[in-house]
Amino acid sequence: MRMTDILEKKKKGDVLSRDEIAFFVEGYTKGTIPDYQASAFTMAVLFQGLNKEETAALTDCMMHSGEVIDLSAIEGVKVDKHSTGGVGDKTSLVLGPLVASCGAKVAKMSGRGLGHTGGTLDKLESIRGMSVSLSKEAFREQVRQIGISIIGQTGDLVPADKKLYALRDVTATVDSIPLIASSIMSKKLASGSDTILLDVKFGSGAFMKTLEDAKTLARAMVEIGRSLGRDTRAVITDMDQPLGYAVGNSLEVMEAVNTLRGKGPKDLEELCVSLGAIMLDQAGIVKDTETAKSLLRQKIASGEAYAKLKEMVRAQGGDVSQLDDPSRFCDVAASVTVYADREGYVHAIEALTVGEVAMHLGAGRATKEDTIDMAAGIVLRKKIGDYVKCKEPLAVIYTNKEAYQPMAEALSGAFVILPEQAKENPLIYTVIA
Ligand code: URA
């Protein structure tokens, strides 16, 4: 088999066989196929697409390019959830302990933040002492004992995606639905859970900017999961404004703690209860999603969901006293309030701008090598639909950087305030099951 023949076929829009796709994935992972041929391949796929069978074959080959985690020694249904990323998205910090407190097994491998989106691992590391790099044995043992562990991906999981994603990033070939779907799903499938729930976000702060694109991506991922024998479902959710009020690592952990204690923002709690109900249904723990929702709310009210978070943090070496007393999270040099310059209703809070401002304040990474300031970030005081008076606070910035004034101005510009009442977006648009 020759790579040039495969490229010729895809260039013309022909369908590739499983063997041809396997030849490409193996060769590129081992280094026998060079970057220039792999970039021609990704560009041909970007223009010609892949059909369902080709996308499933690409995912399967990528998934088996490295280690596949075996969680079969853990009793019960292992549930997983993945978000395509957003601003202020601390869902995993709430949802993981919440569903684990209902008896589901959460063996979760998460990622780090890049650009305007945050990552669960960075947020967890804002808790003093918390380790997110456990050995596979320790990870499995913790899930067996307490029902939950959240760690970073092990080194040899899906090496094909590691190489291919980095290449796509520099060859303008990230935005291809079959390539995104196979990239995300190969990692989810390799991390070994029995069920997968995908939270596909769309809007200004998300990877997918339109509802149609979000649905197409969600359907592609659900089809891949199903064709490879996993119960996979997807939920399309709003990212036209940040989720909750807090954006930034330790600020988001504090908001997650408040939510697990029943004192969190309405949108975050509603999203976690809705996603949690689907995960419990996937795990076969409840007879229907309405029963699941009341069980989840009961676990918040009783304190069991919060106790589960503390159990996980303690097991991974984190300082749980910090969770009980948020003032023990590290301090910042300045907190600056951003005020409204007119009165009216908040119609939009450009999530991309909020994410970028948070990143420039130190809460995120512009490049993979940047270090994060765990205490930096933003707390919104108003959300879409709220009425605001002139000179009332819109948000507070927390930073250790001195030159914060341009960031305060950019944040103020993210708010669209108009005289007429604003319509709130639905939080969940549709469920693809
Ligand atoms: N996230 C991934 O893991 N892969 C993509 O291709 C895009 C987003």
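Note: hydrogens, waters and symmetry copies are ignored here, and every other heavy atom, side chains too, is used. Order of appearance sets the numbers: ligands from 1, and atoms from 1 within every ligand. We count residues from 1, following the sequence as given. No experiment lies behind these values; they were computed from the predicted model shown.
A salt bridge links K9 with E20: the closest approach of a Lys/Arg side-chain nitrogen to an acidic carboxylate oxygen falls below 4.0 angstrom.
Within the structure, ring-ring contact (aromatic ring centres under 6.0 Å, His included) contacts touching residues 183-231 (residues at least two apart or in different chains) are F202-Y429.
Partners of S227 by side chain to side chain contact (heavy atoms under 4.5 Å, CB included), not counting sequence neighbours, listed by chain and number: A56. Among residues two or more places apart in sequence or in another chain, the salt bridge (charged side-chain N to carboxylate O under 4.0 Å, His left out) test is passed with E369 by none.
The 12-atom threshold is exceeded at CZ of F139, counting heavy atoms of other residues, nucleotides or ligands nearer than 6.0 Å.
Within 4.0 Å of ligand 1, the residues that place a heavy atom are Y165, R168, I180, S183, I184, K187, F207, listed by chain and number.
Among K78, K81, K105, Q282, the one residue that satisfies the side-chain contact (heavy atoms from CB on, under 4.5 Å) test with S193 is K78.
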